[in-house]
There are 2 protein chains.
Amino acid sequence: MPEREVRISRAMLARLPFYYRTLAARARAGNTKISSAQLAASLSMDSAQVRRDLSSIGEFGRPGIGYNVPELLEALEEMLGLRNRTEAVLVGVGRLGAALFGYPGFEAYGLRIVSLFDSDPERIGAELDGALIRSVSEIPHVVRRLSIQMGIITTPPTSAQEIADMLVEAGVIAIWNFAPVSLSVPPGVMVRDEDLAAGLSYLSRHLTGTMHAARPEQE
Amino acid sequence: MPEREVRISRAMLARLPFYYRTLAARARAGNTKISSAQLAASLSMDSAQVRRDLSSIGEFGRPGIGYNVPELLEALEEMLGLRNRTEAVLVGVGRLGAALFGYPGFEAYGLRIVSLFDSDPERIGAELDGALIRSVSEIPHVVRRLSIQMGIITTPPTSAQEIADMLVEAGVIAIWNFAPVSLSVPPGVMVRDEDLAAGLSYLSRHLTGTMHAARPEQE
DNA sequence: TAGATTGTTAATCGATTAACAATC
DNA sequence: TAGATTGTTAATCGATTAACAATC
């Protein structure tokens with residue numbers, strides 16, 4: 001059979017996890033069908049956009065009926081790469097790093113953090129939930145030996161670039177960066193910046209704007 | 001003087017924190033000037049876009065010279081609402097909630113988490129970094145009395161909507177939602193979804209893709 | 001059959017990039 | 001003055017929305 005040409009725009013890729021969420025909840029509720037209009041409604045979006053997005057990942061809908069939830073869910077899992085087991089190392093076991101390491105939600109997404117690193121002598125050698133915290137100097141050795149492809153950076157911004165370089169040098173090709181700094185990496189390596197401050201300023205702006213505008217409670 | 005009409009697109013608003021980051025680093029390094037080309041280079045973007053974005057928030061550049069770093073930084077702070085002190089409450093003191101509460105980065109952005117809530121009897125009454133963890137039943141009272149405008153939700157997805165309703169009812173108009181579920185709120189209330197899973201699938205997809213493509217190390 | 005709903009084409013809207021006159 | 005660099009206009013590109021024939 002011919003390979004289906006799948007064009008996923010950046011904007012659409014950002015929407016897929018939301019479809020996934022909603023469909024997973026539907027599936028748990030025992031529903032097997034959902035229409036683009038229903039899906040759109042629960043995500044406050046346009047039904048035409050839902051149909052367009054879903055049609056571009058395959059043909060899972062039937063006119064007059066709607067979409068088959070389990071089928072669509074499976075396709076989305078495939079599409080989002082949730083089927084793959086991904087092993088990652090985490091560098092910087094501060095509060096945020098510890099929170100991510102213990103976050104139960106990742107398991108469902110196939111992510112397993114297999115090794116922890118820090119540069120603070122106080123932390124090196126200690127354990128977190130039974131996992132040993134290693135010195136960053138061991139990164140090259142461990143990453144190479146376990147063929148790790150993903151690195152999670154939760155260090156202070158000042159050392160993030162240095163850590164990124166070490167990870168890439170050792171074979172990592174995907175970096176999830178929580179440090180508030182822009183990393184430069186060679187082509188072929190993908191960086192995802194998780195910018196908490198960006199989310200915050202988005203909301204702050206709303207608060208400021210609202211203060212000058214009409215009070216919201218008197219609709 | 002006439003009010004300057006400021007049109008900020010959604011996409012541009014998402015870029016502003018990155019400009020801010022870069023300029024703040026420049027300012028710390030003692031630089032007072034920066035060109036659109038330099039700024040673009042450190043963020044791997046197009047210089048035309050930088051100029052377009054910056055020109056739409058004001059006239060801080062001088063042809064032949066570049067932009068005045070301190071001036072621009074100040075304008076961005078204003079624009080991003082970083083000047084405003086924002087007080088927030090946090091609901092759900094699990095690992096993620098605790099990490100956010102202790103995150104030192106927020107202080108610089110004007111955010112202060114003034115109260116913690118949880119529904120787990122084991123946690124209620126306990127302290128985190130000297131702050132008392134209150135029962136969620138106290139949300140209406142506390143939020144109203146302190147006139148809190150922002151709520152941070154780090155509860156499990158099942159209770160997130162219920163908490164959102166309580167917060168909104170008590171007067172909150174901005175919700176920072178870390179629970180992996182879509183919240184429905186009345187108009188006038190803004191929700192920012194921080195979707196960790198989305199970032200993860202973005203990277204996972206790259207890993208899968210790469211396995212089928214050419215090995216990246218042999219550029 | 002009649003009603004519902006998809007997948008897709010065409011129309012609209014918005015965002016990015018290129019080019020350049022104006023300015024330092 | 002000559003070289004550098006902005007702010008903005010015009011051209012391109014991409015994404016969203018509307019509309020509807022095809023299908024169940």
Side-chain angles (χ1 to χ4, degrees), chain A residues 2 4-19 22-23 26 31-76 79 198 202, chain B residues 2-19 22-23 26 31-76 79 182 198 202:
Chain A
R4 196 193 154 79
E5 172 65 18
V6 180
R7 295 301 304 125
I8 27 83
S9 76
R10 206 180 182 74
M12 179 186 146
L13 187 57
R15 284 191 296 270
L16 294 187
F18 290 89
Y19 295 140
T22 310
L23 288 163
R26 280 272 169 163
N31 292 319
T32 58
K33 296 269 178 275
I34 191 172
S35 72
S36 60
Q38 292 171 319
L39 193 41
S42 40
L43 292 167
S44 308
M45 49 186 295
D46 192 80
S47 74
Q49 184 161 71
V50 171
R51 287 198 299 283
R52 164 151 290 237
D53 286 349
L54 297 186
S55 77
S56 74
I57 67 173
E59 302 212 356
F60 302 101
R62 292 207 311 180
I65 308 290
Y67 296 88
N68 180 303
V69 174
E71 261 179 44
L72 194 47
L73 209 45
E74 198 172 325
L76 279 170
M79 202 70 191
Y202 184 79
Chain B
E3 277 291 316
R4 196 190 154 79
E5 173 65 16
V6 180
R7 294 302 304 128
I8 27 83
S9 75
R10 207 180 180 74
M12 180 186 147
L13 187 55
R15 286 191 294 271
L16 294 187
F18 290 88
Y19 295 139
T22 311
L23 287 163
R26 279 276 169 159
N31 291 321
T32 57
K33 295 268 178 269
I34 191 172
S35 72
S36 60
Q38 292 172 318
L39 193 41
S42 39
L43 292 167
S44 310
M45 49 186 294
D46 192 80
S47 73
Q49 185 161 71
V50 171
R51 286 198 299 282
R52 164 150 290 240
D53 285 350
L54 297 186
S55 77
S56 75
I57 66 173
E59 303 213 356
F60 301 100
R62 292 208 311 179
I65 308 289
Y67 296 88
N68 180 304
V69 173
E71 261 178 43
L72 194 47
L73 208 46
E74 196 171 328
L76 279 170
M79 203 68 191
S182 296
Y202 184 79

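Here is how names work: the chains are called A, B, and so on, in the same order as the sequence lines, proteins then strands, and each is numbered from 1. Keep in mind that this is a model prediction, so the values were computed, not measured.
Across the protein-nucleic acid pair, B/Ile57 atom CD1 and D/dT8 atom C1' stand 16 Å apart, rounded to whole Å. A straight line from CD1 of A/Ile34 to P of C/dT5 spans 12 Å, rounded to a whole angstrom.
Counting only heavy atoms from C-beta outward, the side chains of B/Tyr19 and B/Leu39 approach each other to under 4.5 Å.
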What side-chain donor-acceptor pairs closer than 3.5 Å can you find for residues 43-51 of chain B, not counting sequence neighbours?
| from | atom 1 | to | atom 2 | distance (Å) |
| --- | --- | --- | --- | --- |
| B/Asp46 | OD2 | B/Ala48 | N | 3.0 |
| B/Ser47 | OG | B/Arg51 | NH1 | 3.3 |
| B/Arg51 | NH1 | B/Ser36 | OG | 3.1 |

For a quick test of your reading: what N or O donor-acceptor pairs under 3.5 Å do the side chains of residues 66-73 of chain A make, sequence neighbours left out?
| from | atom 1 | to | atom 2 | distance (Å) |
| --- | --- | --- | --- | --- |
| A/Asn68 | OD1 | A/Glu71 | N | 3.0 |

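Rounding to the nearest 0.5 Å places CG of B/Leu16 at 8.5 Å from CD1 of B/Ile8. Note that CZ of B/Arg52 and OG of B/Ser56 are 8.0 Å apart. Values are rounded to the nearest 0.5 Å. Atom-to-atom distance recorded for B/Leu54:CG and B/Leu76:CG is 7.0 Å, nearest 0.5 angstrom.
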Next on the checklist: I'd like to compare against my own output: the B/S/- annotation of nucleotides 14-24 of chain D with a strict under-4.0 Å heavy-atom distance to protein.
Outcome noted: -SBBBB--BBB
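Contact annotation: B/Ser36 side-chain N/O to D/dT6 OP1/OP2 distance is under 4.0 Å.
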Item to check | Secondary-structure string, 5' to 3', Watson-Crick or G-U under 3.5 Å, | for another-strand partners, for DNA chain D | outcome: ..||||||||||||||||||||||
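Under the salt bridge (charged side-chain N to carboxylate O under 4.0 Å, His left out) criterion, the residue pairs touching residues 9-18 of chain B are B/Arg15-B/Asp53, with sequence neighbours excluded.
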